[in-house]
2 protein chains.
Amino acid sequence: MSELLRRSASRLDLRHGRVEMAHGSGGRAMAQLVDELFLRHLDDPRLRARDDSARFAVGAGTMVMSTDSHVVSPLFFPGGDIGALAVNGTINDIAMSGARPLHLAAGFVLEEGLALADLERIVASMARASRAAGVPVIAGDTKVVERGKADGVFITTTGVGMVPPGVRICGDRARPGDAVLLSGSIGEHGIAVMSTRESLGFETEIRSDSAALHELVAAMVAVAPDIHCLRDPTRGGLATTLNELACQSGVGIRIRERDIALRDDVAAACELLGFDPLYVANEGKLVCICDASDAARVLDVMRASPLGIDATCIGAVVADPDCFVHMETAFGGARVVDWLAGDQLPRIC
Amino acid sequence: MSELLRRSASRLDLRHGRVEMAHGSGGRAMAQLVDELFLRHLDDPRLRARDDSARFAVGAGTMVMSTDSHVVSPLFFPGGDIGALAVNGTINDIAMSGARPLHLAAGFVLEEGLALADLERIVASMARASRAAGVPVIAGDTKVVERGKADGVFITTTGVGMVPPGVRICGDRARPGDAVLLSGSIGEHGIAVMSTRESLGFETEIRSDSAALHELVAAMVAVAPDIHCLRDPTRGGLATTLNELACQSGVGIRIRERDIALRDDVAAACELLGFDPLYVANEGKLVCICDASDAARVLDVMRASPLGIDATCIGAVVADPDCFVHMETAFGGARVVDWLAGDQLPRIC
């Protein structure tokens, strides 16, 4: 991630600095916090790899492990809630390595005063998502903190999965000439959550796209075991995910705005709120980078699934020592698509 | 856990009830929340087993997974901090199945405004504990919530481990006649944390016993592969752990107060604060239940380790359909040692 550091204005002030909301954004500030603080001490090659999950060998096989803390606010939103999100999000992080998710663990931090009815609704939603995905929650923990020391409930889910033999999907495998595929339209999750925030008082029919993508991935890997990279564009949106992959692989990426699916109502909500949809979180979409010769086959199986029915090829990987993401705009212009800089959508997942 | 439910005064009010501090205590209220809310929906046999970790088969072997959210307050205390605790605590939960811990994942919820210097001190402490134990942190996640929506930092650690062939250590394997062993003196962690709470203004030299116990367990399992139960008496203390094991196994337990090691300063602090040391949390101790014929051999290897140097046999398992824990007091009397009822020591881990 030296490329990212090189582009950062200044280093973190570890002596006098404080945690800011932007450090949780999924964008550049978070990457800097991870680089300059976490990785400085917890120096493991798998953490340094910055993939969504970490691989390790078990006997003759390869497993992956991934963890995600969920702090979404509000707890309930159109199309989902923190419980379903915590299950689907971690299943997706496992799936993005090409692995079959096996089991989940869930750690709850509860705020004193949380209504048990709300907690039950959340746990029931987790159970439904877990059953629908066929990935059981097998371990758990519950802690309670005083009123005002948390915000309802935070849920940290951790998953383990098994990587099929011969599959090696990592963020550093994008190569010039590769195709960049996107499984569907962007921005629905972020806008659905924002639409419910009291301070906005903004009403839409837009629902979160929260979904477990592991079966879609299994179908893709079955027809193209040599897929290079998979990632779900959550915090920081598509723009940040593409920048991460470009930096990890040491390449550039060129995308075409006209090929990126965007619902009219999401576009309108983004315009109203002043958001660029490229930076708005998704919870049921994935980016796939594969050899150009695999692209048609992968797109076909994506489109055969309800979760990938709107899949498109949005661009290609190019050689670029500066690791820039460029976009050809709908009007034929071109612009650099940078990392998310601040924190436009706090606590989106 | 029907025995526990039978003894509970009334059922949770899922319609109008709210989360209370006691639901995080590790005692009866928490067991009730798990039974009546979590297990009602997330109905997996491994959750229902209520061991510290969940077993699953991988190829020809057996792995375990365990998760723990850490919300200790304050973040720093004599003998440790939330970072070391989060590493050692999860290593211990894995070790209590007899498994060798392999890897950890860590999810951070950070409060806006947390000093980066404090965060770095915590992460450095995690890294030291992880290196000392030989169990790397390979996956992580960071979220940030607004000032006043968390309390500095919460850390959820999840571990995976591999169970040696032939080892099956579970909470339901205690049998009448088994010996009950304890690895050392009780109550130090809880008192060390309480001593630092501002509202107490209470000074002691008592340090947390936070330590990783996996090497001690490996030595014990090497001489006695048929150990029946292992558990670290954390939240709710020794009393709650013994009650859990008695309920899980459907047996009674008889212990002798005179054989339970207790430092004079811990005893004095407990008296001052009005705590019963049997209910005060430990973070570097374990309870072992094994066949009486294995006890001497296991005690010998425990005492050969600095982490088990004060190990003693504190009692025995007996037949008892009511699953009571009885203690012969130091003065020759007898009393029932019940579950922790309220929440005497909130946010101890």
Side-chain angles (χ1 to χ4, degrees), chain A residues 12 14-15 17-21 23-24 30 33 37-38 41-42 44 46-47 53-54 56 58-59 61 65-69 71 102-103 105 107-110 112-117 119-120 123-124 126-127 136-146 148-151 154 156 158 160 347, chain B residues 12 14-15 17-21 23-24 30 33 37-38 41-42 44 46-47 53-54 56 58-59 61 65-69 71 102-103 105 107-110 112-117 119-120 123-124 126-127 136-146 148-151 154 156 158 160 347:
Chain A
L12 277 181
L14 292 177
R15 205 175 289 186
R18 294 193 174 269
V19 170
E20 297 167 20
M21 290 305 292
H23 288 132
M30 193 177 87
L33 182 73
L37 196 155
F38 284 95
H41 297 282
L42 295 167
D44 185 88
R46 283 151 295 198
L47 283 177
S53 64
F56 59 95
V58 171
M65 183 178 194
S66 183
T67 200
D68 236 340
S69 294
V71 300
L102 296 175
H103 300 295
F108 293 79
V109 176
L110 307 175
E112 179 189 21
L114 174 68
L116 291 177
L119 180 59
E120 184 172 34
V123 173
M126 289 185 80
V137 177
I138 64 170
D141 180 54
T142 306
K143 293 290 185 331
V144 180
V145 297
E146 301 85 348
K149 300 293 186 186
D151 195 13
F154 303 140
T156 301
T158 307
V160 291
R347 299 185 57 192
Chain B
L12 277 182
L14 292 178
R15 204 174 293 183
R18 294 194 174 268
V19 170
E20 297 167 19
M21 291 305 293
H23 288 131
M30 192 177 86
L33 182 73
L37 195 154
F38 285 96
H41 298 280
L42 295 167
D44 186 89
R46 284 152 293 198
L47 283 175
S53 64
F56 59 95
V58 170
M65 183 177 193
S66 185
T67 199
D68 237 341
S69 293
V71 300
L102 296 174
H103 300 294
F108 294 80
V109 175
L110 307 176
E112 179 189 22
L114 174 69
L116 291 176
L119 180 59
E120 183 171 34
V123 173
M126 290 186 80
V137 177
I138 64 171
D141 180 55
T142 306
K143 293 289 186 328
V144 180
V145 297
E146 300 86 349
K149 299 292 186 186
D151 195 12
F154 303 141
T156 301
T158 307
V160 291
R347 298 185 57 190

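Every chain is numbered from 1 and lettered A, B, ... according to where its sequence line falls, protein lines coming before strand lines.
Smallest separation of non-hydrogen atoms from Ala105(B) and Thr158(A): CB-CG2, 4.2 Å. Smallest separation of non-hydrogen atoms from Val137(A) and Leu47(B): O-CD1, 3.3 Å. Of all heavy-atom pairs spanning Ser66(A) and Ala139(B), the tightest one is CA-CB, 4.4 Å.
Looking at Val109(B) and Val109(A), their side chains never come closer than 4.5 Å, going by heavy atoms from C-beta outward. When side chains are defined from C-beta on, Arg347(A) counts as touching Val145(B), because their heavy atoms get closer than 4.5 Å. Proximity of Leu33(A) to Leu116(B): side-chain heavy atoms (C-beta onward) are separated by under 4.5 Å at one or more points. Between Val123(B) and Leu42(A), some side-chain heavy-atom pair lies under the 4.5 Å cut-off. Side-chain atoms of Thr67(B) and Thr156(A), non-hydrogen and from C-beta on, never get closer than 4.5 Å to each other.
Contact of Phe154(A) with chain B is made through the side chain alone, with heavy-atom distances under 4.5 Å. With a 4.5 Å cut-off on non-hydrogen atoms, Glu120(A) touches chain B through its backbone and its side chain both. Using a 4.5 Å cut-off between heavy atoms, Met65(A) touches chain B through backbone and side chain atoms alike.
The greatest number of non-hydrogen atom pairs below 4.5 Å with chain B, out of Ile138(A), Asp44(A), Leu102(A), is found for Ile138(A). The candidate with the highest count of non-hydrogen atom pairs below 4.5 Å against chain B, out of Arg15(A), Met126(A), Arg46(A), is Arg46(A). When Val160(A), Leu119(A), Leu114(A) are compared by the number of non-hydrogen pairs under 4.5 Å with chain B, Leu114(A) comes out ahead. Chain B forms the most heavy-atom pairs under 4.5 Å with one residue out of Glu20(A), Glu146(A), Met30(A), and that residue is Glu146(A). Ranked by heavy-atom pairs under 4.5 Å with chain B, the first of Gly61(A), Gly113(A), Gly140(A), Ala115(A) is Gly113(A). Interface check for chain A: of the options Ala54(B), Gly17(B), Gly107(B), the most heavy-atom pairs under 4.5 Å are formed by Gly17(B). When each of Ala124(A), Ala117(A), Pro136(A) is checked for heavy-atom pairs under 4.5 Å with chain B, Ala124(A) comes out on top.
Side-chain N or O atoms of Lys143(B) include one that pairs as donor or acceptor with a backbone N or O of Ser69(A) at under 3.5 Å.
Put simply, CZ on Phe38(B) and OG1 on Thr142(A) are 4.0 Å apart, with the number rounded to the nearest 0.5 Å.
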